[in-house]
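Taking it in order: structure first as structure tokens, then the write-up.
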Amino acid sequence: MMSLEYIHACRNATAYNFERGYTMQKEYLNKIAEYGQLIVVSGPSGVGKKTIIREYLKEHPNAVRCTSVTTRPQRPNEEDGVDYYFVSHEEFDQLIRSNQMLEWGYYRRNGYGTIRNAVEQLREKGHNVILDIDVVGAMKVRTVCPDATLVFLIPPSWEDLEVRIHKSNFIPKEEIADRLEIAKEEILCAEQYDYVLINDTVENTVRRLGQIIHGNRYSRNSMK
Ligand code: 5GP
């Protein structure tokens with residue numbers, strides 16, 4: 001089985017050769033066509049990432065959201081193994097130490113991370129893999145997977161975000177102020193992303209996300 005590292009090394013090398021006018025390797029071209037894309041979706045808490053991803057997946061059965069690992073407590077509406085893998089801090093540390101995380105970080109003192117193998121296996125099967133991860137995680141993914149497409153969701157206005165987060169049935173009330181503070185910092189990072197999408201309506205945003213993913217299948221911004 002060909003590892004992600006190999007594919008990325010191959011991609012980087014090929015992009016390098018391409019810049020210098022060499023012909024692209026046939027093996028690389030074959031791989032890139034069959035390998036699933038990696039799409040990172042970030043945005044402030046309450047902006048609607050989970051809804052957009054869920055609706056996108058309904059329309060695109062080939063795409064898969066990769067379930068993250070977290071140490072944060074499970075919410076009543078969440079299912080272990082579906083929304084997250086809920087683990088102890090010890091288990092989380094062990095995953096980091098054993099180098100099983102593609103990326104990981106802390107949000108409100110809880111660990112969140114993406115299991116490398118899960119992403120790798122899904123992409124090898126040709127699935128487009130979507131990661132719902134924070135800004136720090138997204139920047140790490142860009143470093144290790146330079147072909148990833150980074151999409152940042154923003155609300156139509158700050159007031160809109162406040163309304164959405166207060167209306168959420170799932171975000172505990174005592175966390176709202178903290179999450180809004182973090183959101184101010186996160187929004188400043190939007191310009192680091194390949195695309196910034198204003199989440200005005202679910203329908204519009206899902207359609208635009210689809211256009212981005214479809215367009216990137218043939219453009220591959222890793223070639224930049
Ligand atoms: P929540 O607690 O609201 O589910 O998630 C809090 C934040 O953690 C969100 O910004 C979400 O995108 C981010 N997050 C979820 N999974 C991961 C992950 O695997 N890695 C990183 N870096 N952030 C994650």
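Scope of the values below: all heavy atoms of this structure, side chains included, with no hydrogens, waters or symmetry mates. Counting convention: from 1, in listed order, for ligands and their atoms alike.
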Worksheet item: Below 4.5 Å, heavy atoms only, C-beta onward: do N216 and Y195 meet side chain to side chain?
Response: yes
Discussion item. Can you tell me how the ring of Y84 sits relative to the ring of F86, calling it parallel under 30°, perpendicular over 60° and tilted otherwise?
Written reply: perpendicular
Worksheet item: Looking only at side chains, do T149 and D194 share a donor and an acceptor under 3.5 Å apart?
Response: no
Worksheet item: Do you know the tightest heavy-atom contact between R208 and L197?
Response: CB-CD2, 3.7 Å
Worksheet item: Can we say R108 and D134 salt-bridge, meaning some charged N sits less than 4.0 Å from an Asp/Glu carboxylate O?
Response: no
Worksheet entry | salt_bridge(R72, E175) N-O dist < 4.0 Å | no
Worksheet entry | Residue contacts for ligand 1, heavy atom to ligand atom, distance under 4.0 Å | K49, K50, S68, R72, R75, Y84, E103, Y107, Y112, G113, T114, D132, I133, D134, G137, R179
